[in-house]
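The block underneath contains the structure these notes are about, expressed in structure tokens.
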Amino acid sequence: MQFLVYILAYPLLWFISILPFRIFYWFSDCVYFLVYYVLGYRKKIVRENLALALPHLNDTERKVIEKKFYQHMCDMFLEMIKTMNISPEEMDKRFTVTNIDAMRAYEEKGKSIVLLASHYASWEWLLSLTKRLKFRPIGVYKKIANPYFDKLVRKIRSKYGTELVETKKTIPLMAQNQREGILSLYGLASDQSPKMDRIFHSKTFMGIEVPVHTGGEMLAKKYDLSVLFIKVKKIKRGYYESTIVPICENPNDYANFEITEMYLKEVEKQILEAPEYYLWTHKRWKHRK
């Protein structure tokens, strides 16, 4: 059944990926209408999250953000499909890095890094930045249940050289890279809710105390990895600009969980700048105190 679903869906996905951008975004508008107005996908969760995280706004203001979010969400997930056939030259125009030299400085020092990202703007096209660097790029990801779609997503996300690794395989790979002296970049999106058996710290995030992911910090300390944050800004439809924000060079100089809290402050700042580009469909505050 999983294979049948895949072979039925793949021709449509491929067709979407070759559409000219003007038609591509018209199609995204149609998907938005279906997802928001017909299916109402996770609308209750989105509204609860917006009310929790943005209590200073009234219902009308949050409704505007809600609609903009759904339109952006449809764009962003279809843009992942578009990656199948987008040219490197087109990608360079649509996803830029303002200060790539900030990362190259760590290459020159021979220092591997943890690059912390968030589910904001475009974390899919973010993977294109690795083709500009010498690091061995590793993206930590959660495996998709359907093995055929999992293989497709891995292929799409690795188009520019990023190697996708499941969470449980990350530590052995880091240990191996350290032993062999392989300069590596480990990308993690650490802003969502951790599993209950992996909770080590709670932090006020968007004004609400919740459990937070601490794996990025723990790994950085264990393997002496510098920690950077990548801030992504949506310039206009289909165009993004990213900026590298250094968090710390020597993680063991910091108190436990201090690095995690510094990272989350950066995530909060970009959410407050334009909340419609954050992933509000996730139950981020389900374990709130």
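Only this structure's heavy atoms are used, side chains among them; waters, hydrogens and symmetry mates stay out. As the structure is a prediction and not an experimental result, all values here were calculated from the model.
With respect to the salt-bridge test (charged N to carboxylate O, under 4.0 angstrom), the residues E90 and K93 qualify.
Residue K231 is tested with E268, E266, E273 for a salt bridge (charged side-chain N to carboxylate O under 4.0 Å, His left out); the sole match is E273.
Seen from the ring of Y106, K109 counts as a face-on cation partner, given the 6.0 Å and 45° thresholds. A cation-pi arrangement is not found for K265 relative to F229, the charged atom failing to lie both closer than 6.0 Å to the ring centre and inside a 45° cone about the ring normal.
With contacts defined as side-chain heavy-atom distances shorter than 4.5 Å, the pair W123/I230 does not qualify. Side chains of D92 and R132 form a contact here, defined as non-hydrogen atoms less than 4.5 Å apart. Under the 4.5 Å side-chain criterion, counting only non-hydrogen atoms from C-beta, L188 is not in contact with H213. Looking at F205 and W285, their side chains come closer than 4.5 Å, going by heavy atoms from C-beta outward. Between R47 and L50, every side-chain heavy-atom pair lies at or beyond the 4.5 Å cut-off.
Between F257 and H201, the ring planes lie parallel to each other; the angle is under 30°, not in the 30° to 60° tilted range. Relative ring orientation between Y240 and W125 is described as perpendicular, the plane-to-plane angle rising above 60° on a 0-90° scale split at 30° and 60°. The aromatic rings of Y6 and Y10 sit tilted, their planes meeting at an angle between 30° and 60°.
T162 and T130 share a side-chain donor-acceptor pair at under 3.5 Å. Side-chain contact annotation: D191 with Y278, donor-acceptor N/O pair under 3.5 Å present. Donor-acceptor pairing under 3.5 Å is lacking for the side chains of Y277 and Q270.
At least one donor-acceptor pair under 3.5 Å links the side chain of Y263 to the backbone N or O of S190. In this structure, the side chain of K82 engages the main chain of L19 through a donor-acceptor pair within 3.5 Å.
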